[in-house]
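Heads up, the thing below is written out as structure tokens.
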Amino acid sequence: MFIIIIIIIGSIAGPRIGAALIGRSTDLSIIICSSFFIGLCSLLLLAANTPTMHALVWALSSLVQSVIVVTYFTYRQSVT
């Protein structure tokens, strides 16, 4: 249960961080950098050897994915 809570915390923190990043940088640069960071998280999974380490990497990945979702939504609203 502890492992899932770590991932949930990352998913909840993502939109708050995304909202803070919007306006400080362009939407496309946030999306591109976040996508690159998710790729790095995938590589970090190769080094994770404990369930807690896996949960931390997945929490980080979920956080960044949430940032992408929030940024893409605001970008889509500004384009249309």
Side-chain angles (χ1 to χ4, degrees):
M1 189 65 160
F2 172 71
I3 306 253
I4 294 179
I5 292 173
I6 293 173
I7 296 170
I8 290 171
I9 290 171
S11 297
I12 292 172
R16 294 183 185 269
I17 293 173
L21 288 176
I22 295 172
R24 293 184 181 188
S25 184
T26 63
D27 293 338
L28 292 177
S29 66
I30 294 171
I31 292 171
I32 290 170
C33 290
S34 297
S35 298
F36 179 75
F37 196 74
I38 289 172
L40 289 178
C41 286
S42 298
L43 289 175
L44 281 175
L45 283 173
L46 295 172
N49 54 5
T50 64
T52 305
M53 192 66 174
H54 274 274
L56 290 172
V57 172
W58 278 115
L60 195 58
S61 178
S62 296
L63 183 141
V64 176
Q65 290 172 24
S66 297
V67 168
I68 289 176
V69 169
V70 170
T71 307
Y72 181 74
F73 179 74
T74 57
Y75 175 70
R76 186 181 65 165
Q77 293 295 323
S78 68
V79 171
T80 56

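Just the heavy atoms: all of them, side chains too, but no hydrogens, waters or symmetry mates, feed the values below.
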Looking only at non-hydrogen atoms, find the nearest pair between [X] and [Y] and report the distance.
X: I6; Y: A55; answer: CG2-O, 3.8 Å
X: G14; Y: S66; answer: CA-CB, 3.7 Å
X: G18; Y: V67; answer: N-CG2, 3.8 Å
X: T71; Y: D27; answer: CG2-O, 3.5 Å

[atom1] of [X] to [atom2] of [Y]: how many Å apart, nearest 0.5 Å?
X: M1; Y: I8; atom1: CE; atom2: CD1; answer: 7.0 Å
X: H54; Y: I7; atom1: NE2; atom2: CD1; answer: 10.5 Å
X: L44; Y: L60; atom1: CG; atom2: CG; answer: 7.5 Å
X: L63; Y: F37; atom1: CG; atom2: CZ; answer: 8.5 Å

Transitive ILVMFWY side-chain link [X] to [Y], under 4.5 Å:
X: V64; Y: V57; result: no
X: L56; Y: I38; result: no
X: V69; Y: I12; result: no

- request: Report the residues that fulfil side-chain contact (heavy atoms from CB on, under 4.5 Å) with L28, sequence neighbours left out, ordered by chain and then residue number.
  value: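 Result, side-chain contact (heavy atoms from CB on, under 4.5 Å) vs L28: Y75.
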- request: Report yes if the side chains of W58 and I3 come closer than 4.5 Å at any heavy-atom pair, otherwise no.
  value: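 When only atoms from C-beta onward are counted, I3 and W58 do not touch, as no gap falls below 4.5 Å.
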query: Would you say I22 and V70 make side-chain contact, with heavy atoms under 4.5 Å?
result: yes
